Amino acid sequence: MSKIKLQLADSAQTSLESDALVLLEFEGTPRPEPGTVLTPYRESGEITGKSGEFTLLHNLSGYQARRVVIAGAGKRESFEVASLWKLAAAAARLLKGKGAKNIAIALEAGFDSGDHVSATVQAVIEGAWEPDTLKTNTDKDGSHTIDALTISVPATSPALEAALRAGQVIGEAANLTRDISVEPPNKLTPMALATHAQAMAKANGLSCEVLDQDRMRQLGMGALLGVAQGSAEPPALIVMEYKPAKPSGDTRLALIGKGVTFDTGGISIKPSEGMEKMKYDMCGAAAVIGAMQAIAQLKPSVTVLGIVPTVENMPGSKAQRPGDIVTSLSGKTIEILNTDAEGRLILCDAITYAKQLGCTHMVDAATLTGAIVVALGHNISGVFTNNDDLLGRWMSASKTAGEKMWHLPVEDEHRELLKTVYADIGNVGGRAGGASSAAAFLKDFVGDTPWIHVDIAGTAWLDDAKPYMAKGPTAIPLGTFVKLATQWK
Ligand code: BES
Ligand code: MN
Ligand code: ZN
């Protein structure tokens with residue numbers, strides 16, 4: 001996708017030239033308009049200001065724009081940055097479908113902060129994204145694009161210009177994450193994922209090392225390799241690094257993403273119904289790659305490593321069996337009780353490797369358990385931690401990013417569930433508290449290093465298209481990753 005042309009304007013809304021000018025209308029406070037054109041719309045109840053309502057008017061008198069779009073924004077008191085994000089993304093999707101190429105969105109006083117400007121740009125870039133790049137017929141939603149966006153504010157400033165750029169960087173990074181996530185599993189093999197990471201790193205001046213199977217064997221990553229051995233596709237461990245010009249301290253922050261390019265379950269095979277969705281089991285990895293791009297471009301003062309263990313979980317003739325015992329990089333032995341609990345097996349070796357690389361803080365994102373979907377549904381990601389300070393930073397970053405998260409427990413009792421007779425730890429703990437016992441498994445390898453685990457199994461993929469988002473990958477928790485790094489002190 002070519003880059004959208006962006007600009008901030010403080011000229012009068014009526015003089016903005018565009019294919020469509022979006023104006024916010026709040027419930028109960030009709031916006032003052034030149035003339036009385038809107039009066040019949042309001043009287044007939046066609047324009048109420050309710051959230052989600054869009055009214056398109058062509059050649060509205062007094063306006064230069066070809067179309068004016070009155071966008072319902074809901075109640076003024078409850079209009080948050082996240083509400084603006086949804087409104088702008090929905091407007092972009094609607095107008096793109098109508099062939100508008102050049103759009104303008106007017107932000108009025110009170111809704112014109114840097115966060116508002118960033119969110120608007122990000123929303124339009126992300127809203128315009130479509131998952132149909134591999135369609136060859138003509139009914140592609142992706143054939144329509146938005147080429148230019150003007151955001152009108154009461155007064156421009158260097159801070160708002162910077163916010164405009166930041167919104168663009170994050171929106172483009174989120175779309176990179178989506179492009180990678182939506183690739184089918186026959187194309188997106190572990191090596192193809194590594195190629196994406198290398199291309200991103202090269203384009204953005206980051207270092208990127210890819211450890212292959214032989215190297216991982218030398219190092220002793222038995223847990224990761226055990227998962228990979230059932231597939232003809234070789235695994236990889238990708239390590240990207242961003243080094244600030246002037247680091248503000250000794251922090252080395254690791255972002256770790258689960259990169260299972262397809263999860264059949266292995267010998268503990270999954271039911272065939274819905275299995276095609278298991279191509280999304282690398283969304284954590286794609287969010288890390290996208291976040292590293294945004295971090296490279298926004299240049300925070302903290303060192304950030306992006307670490308992606310990637311495998312395909314297949315039931316080939318060399319596949320590991322339930323009952324196998326593998327030795328992880330940490331030296332701990334693991335009894336494989338269910339080959340479908342493979343995410344934690346690749347993550348534990350990545351976590352140990354991050355510690356060997358001197359990481360002082362770690363965040364992992366993984367489509368790890370069906371249990372988290374049962375617990376929290378599709379809008380809230382589950383957060384687990386061993387450190388309250390890092391939890392505070394993470395939750396505040398998630399709030400700024402508009403990605404909903406909920407802190408859940410990981411306690412000694414969850415670790416108890418993983419005890420086995422034959423090895424140091426088993427890879428499953430039973431149905432009850434499944435998301436917490438999965439977190440307890442990871443925590444056992446983390447030790448004292450401050451760590452966050454985010455279970456995105458419910459939130460990484462949108463099953464039904466929304467007015468503001470296409471069906472498919474959501475890029476969560478890319479926004480929180482980026483805010484965590486840029487807000488680091
Ligand atoms: N990738 C899945 C997680 C998943 C399952 C996401 C279903 C969405 C829907 C993960 O590798 C997995 O299979 N987890 C198992 C773990 C179990 C065997 C302990 C699960 O949650 O069923
Ligand atoms: Mn699985
Ligand atoms: Zn999985």
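This one's a predicted model, so the numbers in the text were calculated from it and none came from an experiment. Counting starts at 1 for both ligands and their atoms, in listed order.
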Side chain to side chain donor-acceptor pair (under 3.5 Å), paired with Ser268, selected from Asn313, Thr339, Asp340: Thr339

N, O or S atom of Asp263 closer to the Mn ion (ligand 2) than 2.8 Å: yes

Identify the protein atoms, limited to N or O, that lie within less than 3.5 Å of an N or O atom of ligand 1, and list each pair with its distance to 0.1 Å.
from: ligand 1; atom 1: 1 (N); to: Lys258; atom 2: NZ; distance (Å): 3.4
from: ligand 1; atom 1: 1 (N); to: Asp263; atom 2: OD2; distance (Å): 3.2
from: ligand 1; atom 1: 1 (N); to: Asp281; atom 2: OD1; distance (Å): 2.9
from: ligand 1; atom 1: 1 (N); to: Asp281; atom 2: OD2; distance (Å): 3.0
from: ligand 1; atom 1: 1 (N); to: Thr367; atom 2: O; distance (Å): 3.3
from: ligand 1; atom 1: 11 (O); to: Lys258; atom 2: NZ; distance (Å): 3.2
from: ligand 1; atom 1: 11 (O); to: Asp263; atom 2: OD2; distance (Å): 2.9
from: ligand 1; atom 1: 11 (O); to: Asp340; atom 2: O; distance (Å): 3.2
from: ligand 1; atom 1: 11 (O); to: Glu342; atom 2: OE1; distance (Å): 2.9
from: ligand 1; atom 1: 11 (O); to: Glu342; atom 2: OE2; distance (Å): 2.9
from: ligand 1; atom 1: 13 (O); to: Lys270; atom 2: NZ; distance (Å): 2.8
from: ligand 1; atom 1: 13 (O); to: Asp340; atom 2: O; distance (Å): 3.0
from: ligand 1; atom 1: 13 (O); to: Asp340; atom 2: OD1; distance (Å): 2.8
from: ligand 1; atom 1: 13 (O); to: Asp340; atom 2: OD2; distance (Å): 3.2
from: ligand 1; atom 1: 14 (N); to: Leu368; atom 2: O; distance (Å): 3.4
from: ligand 1; atom 1: 21 (O); to: Gly370; atom 2: N; distance (Å): 2.7

Donor-acceptor under 3.5 Å (Thr189 side chain, Pro185 main chain): no

Close aromatic pair by centroid cut-off 6.0 Å: His361 and Trp394: no

Arg215 bridged to Asp212 by N-O distance under 4.0 Å: no

Minimum-distance N/O/S atom that Glu342 presents toward the Mn ion (ligand 2): OE1

Derivation of the side chain to side chain donor-acceptor pair (under 3.5 Å) call for Glu183 and His196: CA-CA 11 Å; Glu183 273 189 44; His196 275 298; 2.6 Å; yes

Backbone N/O of Gly72 and side chain of Ser51: donor-acceptor pair under 3.5 Å: no

Polar protein atoms near the Zn ion (ligand 3) [N, O or S; cut-off under 2.8 Å]: Lys258 NZ, Asp263 OD2, Asp281 OD2, Glu342 OE2

Expected output: side-chain Arg344 to main-chain Asn427 donor-acceptor under 3.5 Å: yes

Backbone N/O of Leu368 and side chain of Asp455: donor-acceptor pair under 3.5 Å: yes

Residues, nucleotides or ligands: over 12 heavy atoms within 6.0 Å of Asn379 CG: no

Test item: Thr333 side-chain N/O and Asp424 main-chain N/O as donor-acceptor pair under 3.5 Å: yes

